[in-house]
Amino acid sequence: MVRIRPFNADHIAPPPSRSLALRLRGPGERAVRDGHPWVFEGSVRSVDGSGPTPTAGDVGVVFDRKGRFLAAGLYDPDDVVRLRILAMGTPTRVGRALFVQRLQEALQRRAPLMSPDGGASGRMVTDGFRVVNGEGDGLPGVIVDRYGDTVVLKLYSAAWLPRLRDLIPAMVEALAPASLVGLVSRRVGAHPLCPDELRMGALLHGADPGSAVPFRENGFTLEAHPLEGHKTGFYLDQRENRQRVEDEARRLAGERGSLRALNVFSYSGGFSLYAARGGLAGVDGVSGGGPTPGGAVEVVSVDTAGPALRQARRHFALNQAELGQALHRTVEGDAFQILDGMTGEEGAFHLIILDPPSFATRKEQRDGALAAYGRLTRAALPLLAPGGTLVQASCSSRVEPEAFYRVIRRSVLESGRRLEGEARWGHALDHPIGLPEGEYLKCLFGTVS
Ligand code: SAH
């Protein structure tokens, strides 16, 4: 178990209380006017160099040719993204009041998620969602996820480090968390301004939330692991697709009276839980709500990470009351090897979910990633029953949606099958997009005949 360490934002020296005046080249200025939240290093024509050398966290103000205010944001002299814009059009002081305002606007944007009669959580309780999605919520480089009473902040820009002394009180004021956990991306962790304790994950405010943070999602009891897990401890972006998997599982089980689902790259079993609940409801529909026949619903979770699978099993145990009738099996190992090794299981699954990690973090990896998506589809298809549902996702922003869907369609054809009733989905409603690269998640649902 990882213990969380306390953190005091005053240990990071505040940046000088001046602001830098930036002038941009034409295309950079046009991009800012069009609302792009980033100013790249190559777009900066000049930085007013009076006073001390610019440091990460300085406020940068962009002026146009005529010296009029255009935008203000946070500057980082060592980042290719020199300035992350916080305010456009009207001169605005960058500080606590602005951060509170941005947080409140972000909460308002998510009101449909929280109201009892609307949004994805309308049917059942959800208290795990993304509160701030960086650029999409006007706080570039900042991710905030809420898990029950615990709020997790993750910084993707070192420019925020000296601003934590304003951001933390703003978060406490706007979000009133029982615990506020701070994380940083690997790149921010390597920055000289980043204190050790923040690199490991630190307690910014309130009580120690423990290493497994409980929350609810569409009626399930779940646990996020901010200090040891991926992202901020759970994949909130797939929430709506998980719900779609449940609906699909219900339909399939209702048709057949049973359901076998395979969830590859399962992490802590999110999709597996929903497949099981949908399957049980579908079978109940067939049997008129009588007891579910033994083994009628089986879900297999595959992942290389033992701790993730342990959490997947724990998730089934935590939701035993609802899922007790379903069988859940975990298989640890490399997805490709396991899929290839599942001989004797041809056509044995009605629903297969493939949600791998990003295969391309850099542009040069795009083609290789597409090839891997195709290989994955071809490896999984022999296991899918005719008329079964394939769910395949990609979280690489480097892979464009069209190319991703095309490679799946082609791979289905190459396997001698056909893809029908294809539906395409992205991330959940609490992940608004603020820049073109932000639209990373693609998820295909299709019937394979
Ligand atoms: N579907 C999950 C998120 C998947 S994240 C959810 O909705 O919660 C990707 C997962 O793939 C991680 O858990 C990681 O451990 C696993 N993984 C990475 N490489 C793998 C491989 N070669 N074979 C199997 N699992 C792998």
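Note that ligands are numbered from 1 as they come in the structure, with each ligand's atoms numbered from 1 the same way. All heavy atoms count here, side chains included; hydrogens, waters and symmetry mates do not.
Judged purely by atom type and a 3.5 angstrom limit, S411 uses its side chain to pair as donor or acceptor with the backbone of V407. Put simply, the side chain of E240 gets close to the backbone of L429: a donor and an acceptor are under 3.5 Å apart. A donor-acceptor contact shorter than 3.5 Å links the side chain of S157 to the backbone of A159. Side-chain N or O atoms of H225 include none that pairs as donor or acceptor with a backbone N or O of L227 at under 3.5 Å. In this structure, the side chain of E346 engages the main chain of G344 through a donor-acceptor pair within 3.5 Å. Between the side chain of R163 and the backbone N or O of R165 there is no donor-acceptor pair closer than 3.5 Å.
Applying side-chain hydrogen bond (donor to acceptor under 3.5 Å, both in side chains) to T389 and the options H350, R244, E248 leaves one that passes, E248.
Heavy-atom distances between A335 and ligand 1 reach below 4.0 Å in at least one pair. The shortest separation from a heavy atom of A393 to ligand 1 is not under 4.0 Å, leaving the residue out of contact.
In terms of polar-atom proximity, P357 is not counted as a contact of ligand 1, lacking any N or O under 3.5 Å from an N or O of the ligand. Ligand 1 has a nitrogen or oxygen under 3.5 angstrom from a nitrogen or oxygen of F265. Residue contacts with ligand 1: D303 is placed with a nitrogen or oxygen under 3.5 Å of a nitrogen or oxygen of the ligand (distance criterion only).
For ligand 1, the atoms sitting less than 4.0 Å from at least one non-hydrogen atom of F271 are 1 (N), 7 (O), numbered in the order shown with element in parentheses. If you number the atoms of ligand 1 from 1 as listed, the ones under 4.0 Å from a heavy atom of A305 come out as 15 (O). Of all atoms in ligand 1, numbered sequentially from 1 with element shown, those under 4.0 Å from a heavy atom of R242 are 7 (O). Listed by atom number, the atoms of ligand 1 under 4.0 Å from D334 heavy atoms are 21 (C), 22 (N), 23 (N). Atoms of ligand 1 lying under 4.0 Å from at least one heavy atom of G333, given by number and element, are 23 (N), 24 (C).
Neither the backbone nor the side chain of S268 has a heavy atom within less than 4.0 Å of ligand 1. Contacts of F234 with ligand 1, taken as heavy-atom pairs under 4.0 Å, are absent altogether. For Y235, every heavy-atom contact with ligand 1 shorter than 4.0 Å involves the side chain, none the backbone.
Between F129 and Y147, the distance from one ring center to the other does not fall under 6.0 angstrom. Here Y267 and F234 keep their ring centres 6.0 angstrom or further from each other.
Given atom 17 (N) of ligand 1, the protein heavy atom at minimum distance is T304 OG1, 3.4 Å. Distance from atom 1 (N) of ligand 1 to its nearest protein heavy atom, with residue and atom name: D355 OD2, 2.7 Å.
Figure legend: R277 and F220 shown as a cation-pi pair, the cationic atom lying under 6.0 angstrom from the six-membered ring centre and within 45 degrees of its axis.
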